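Only one structure is covered here, and it is reproduced in the block below.
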Amino acid sequence: MRASIMNFSEVFKLSNQLCKFSPNGKYLASCVQYRLVIRDVNTLQILQLYTCLDQIQHVGWSADSMFILCAMYKRGIVQVWSLEQPDWHCKIDEGSAGLVSSCWSPDGRHILNTTEFHLRITLWSLSAKSVSYIKYPKACQKGMAFTSNGQHMALAERRDCKDYISIFVCNDWRLLRHFETDTQDLTGIDWAPNGCVLAVWDTCLEYKVLLYSLDGRLLSSYSAYEWSLGIKSVAWSPSSQFLTIGSYDEKVRILNHVTWKPIKELVHAATISNTKTMVYREVDKCQSVEPSQLTFPPPRGTPSSLFTVHSKYELVEGPVTLRTIKPDTDRANPELGIGMLAFSPDNRYLATKNGTFNVLSLAWHPLGEDSLLLMSKDHLCICYLETEEDH
């Protein structure tokens, strides 16, 4: 019998939940205000420290892990850094057009910047030093998606009060397909990892998921219920066999790739009574000591970490009642439902986040090393999963 054990790293300071593994799994990038910190994944030692022009609001790795971009949306600036050549850097300024999002193309040599009001997408080439533009991008939760092999890009568009999808070939950025979608207000799109199926989901006011082929044919559609808040998050399994849907009714539905029907519903109960479920609780290692409580004041220059609380995680025996905060449904965007879904790269685990738990972001190690990033508002923790054989 196999059992999973969790080990946790020390907590690192973090800003805006900006922390990402590099695609090759060797580096971990985290941001603290205007500083970018690059760590070695195995030792967590700092390898590079970069200083940006302003507070970092987005960070992204190139596909080959050689470059990393830092976006400062307030100033409309993107800075690019090289890990192989620390002295090399690049600055992109969108000027009066503004900037609301920035990402890499699959080849790691083009940067796609979306201007304010989603007027256009600016395509910057780092190798050719050229600029081109794509019109009519739709302002939505996830309006751009690349296939895992980097050959195609799907872009959500809004024209004449209707939703459309345009599919581009990434090597020369020519238009391959353009078709209308059966949605009222398209919210997001995502390719299956095998690049054969594109998932499109509608606004939260209507529960609808549409599955399209590469040539624009509608393969299937799915709706779990009506007349209530619907879809909040969508994620594919790495094998492309399952599509998981997180809903406002606090359930995760798993669809299979053959019939596109649900094969499993996962419920997030407030009380965990299953004895096979492992629950970890964060506890303080030692009591916090305030400087004012000391007989003699600490000398100047004493590290503030001496007076901070260090924590550890202990295994709790069930049944366990989780502490939750009831959301205010009268306010806009209530903290309700399954807001995050993340499969481990080896397809063995599915991490989900429901409601108002303090974890604000989830991310697995890209090479299937069973390491999960847990990010709160200001801190980062790494959770290591180990499997034991019980005889």
Side-chain angles (χ1 to χ4, degrees), residues 14-23 29-31 33-34 36 52-63 67-81 90-126 131-148 150 152-159 163-168 170 173 185-191 198-201 203-204 232-235 333 339-340 360-363 375:
L14 196 66
S15 297
N16 299 325
Q17 302 94 53
L18 294 178
C19 186
K20 287 187 178 181
F21 283 116
S22 63
S30 60
C31 300
Q33 299 297 327
Y34 57 88
L36 172 65
C52 294
L53 297 174
D54 204 339
Q55 182 171 347
I56 304 170
Q57 295 174 275
H58 172 72
V59 63
W61 287 96
S62 63
F67 299 93
I68 186 168
L69 68 81
C70 297
M72 289 140 279
Y73 296 142
K74 293 180 180 179
R75 297 184 59 173
I77 293 175
V78 174
Q79 288 186 270
V80 185
W81 308 95
C90 170
K91 174 187 171 184
I92 298 174
D93 192 343
E94 291 290 346
S96 59
L99 181 67
V100 295
S101 69
S102 181
C103 69
W104 288 98
S105 66
D107 64 0
R109 297 300 178 269
H110 293 80
I111 295 176
L112 291 87
N113 288 342
T114 304
T115 61
E116 285 186 344
F117 308 109
H118 285 75
L119 298 178
R120 70 188 184 197
I121 293 177
T122 308
L123 183 64
W124 298 84
S125 173
L126 298 183
V131 182
S132 55
Y133 304 96
I134 302 175
K135 295 182 179 180
Y136 310 115
K138 180 180 172 69
C140 59
Q141 185 182 42
K142 187 177 181 182
M144 184 188 304
F146 294 96
T147 55
S148 58
H152 300 98
M153 180 189 77
L155 179 67
E157 300 179 356
R158 187 74 172 179
R159 303 184 185 186
D163 293 326
Y164 295 88
I165 297 292
S166 290
I167 299 179
F168 296 87
C170 292
W173 302 103
D185 186 9
L186 186 153
T187 298
I189 59 176
D190 195 17
W191 286 104
L198 178 68
V200 178
W201 57 97
T203 172
C204 64
K232 191 169 186 179
S233 57
V234 175
N333 302 317
M340 296 180 191
L360 299 182
S361 184
L362 301 170
M375 284 168 271

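Everything quoted here is computed from the prediction, not taken from an experiment. Note that the numbering runs from 1 along the sequence shown for the chain.
Of all heavy-atom pairs between G150 and P106, the closest is CA-CB, 3.4 Å. Annotation for P137 and L155: closest pair CB-CD1, 4.4 Å, computed over non-hydrogen atoms. Pairing each heavy atom of S166 with each of F168, the nearest pair is CB-CE1, 3.7 Å. Heavy atoms only, all atoms of each residue included: D93 and G76 are closest at OD1-O, 3.5 Å. Taking every heavy atom of both residues into account, W81 and C52 meet most closely at NE1-SG, 3.7 Å. Across all their heavy atoms, P23 and W61 have their closest contact at CD-CB, 3.6 Å.
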task: Go through F146 and C170 one step at a time and tell me if the side chain to side chain contact (heavy atoms under 4.5 Å, CB included) criterion holds.
output: CA-CA 9 Å; F146 294 96; C170 292; 3.9 Å; yes

- request: May I have the step-by-step check of side chain to side chain contact (heavy atoms under 4.5 Å, CB included) for K74 and Q55, ending in yes or no?
  value: CA-CA 9 Å; K74 293 180 180 179; Q55 182 171 347; 5.6 Å; no

task: Tell me, with the steps shown, if L53 and K91 meet side chain to side chain contact (heavy atoms under 4.5 Å, CB included).
output: CA-CA 10 Å; L53 297 174; K91 174 187 171 184; 4.1 Å; yes

- request: Could you check L99 against I77 for side chain to side chain contact (heavy atoms under 4.5 Å, CB included), going step by step and ending with a plain yes or no?
  value: CA-CA 7 Å; L99 181 67; I77 293 175; over 6 Å; no

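For the pair M72/Y34, no side-chain contact is recorded, criterion being any heavy-atom separation below 4.5 Å from C-beta on. Counting heavy atoms from C-beta outward, Y136 and Y164 have side chains that stay 4.5 Å or more apart. In this structure, the side chains of E116 and E94 stay at 4.5 Å or more apart for every pair of heavy atoms. Inter-residue side-chain proximity for K20 and I68 is flagged as unmet; no heavy-atom pair is nearer than 4.5 Å. Counting heavy atoms from C-beta on, the side chains of L69 and I92 never come closer than 4.5 Å.
The backbone N or O of F67 sits less than 3.5 Å from a side-chain atom of S62, completing a donor-acceptor pair. With hydrogens and angles disregarded, no donor-acceptor distance shorter than 3.5 Å links the side chain of W124 to the backbone of N113.
Judged as a salt bridge (charged side-chain N to carboxylate O under 4.0 Å, His left out), the pairs with a partner in residues 133-147 (not counting sequence neighbours) are, in order, K138-D163, K138-D185, K142-D190. Contacts classified as salt bridge (charged side-chain N to carboxylate O under 4.0 Å, His left out) and involving residues 99-113 (residues at least two apart or in different chains) are given here: D64-R109.
Every residue meeting the side chain to side chain contact (heavy atoms under 4.5 Å, CB included) condition with A97, not counting sequence neighbours, appears here in chain and number order: T115, R120.
The structure places CD1 of I167 at 10.0 Å from CE of M153, a figure rounded to the nearest 0.5 Å. Residue Q79 holds its CD atom at 7.0 Å from SG of C70, rounded to the nearest 0.5 Å. Taking OG of S102 as the reference point, atom CD1 of I111 lies at 5.5 Å (rounded to 0.5 Å). Note that OG of S132 is 4.0 Å distant from CG of L123, once rounded to the nearest 0.5 Å. Atom CG of L36 is separated from atom CD1 of I56 by 5.0 Å, given to the nearest 0.5 angstrom. The CG atom of L14 sits 7.5 Å away from the SG atom of C31 when rounded to the nearest 0.5 Å.
Heavy-atom contacts from other residues, nucleotides or ligands closer than 6.0 Å to OH of Y133 number more than 12.
Taking the six-membered ring for Trp and thresholds of 30 and 60 degrees, H152 and W191 have ring planes inclined between 30 and 60 degrees apart.
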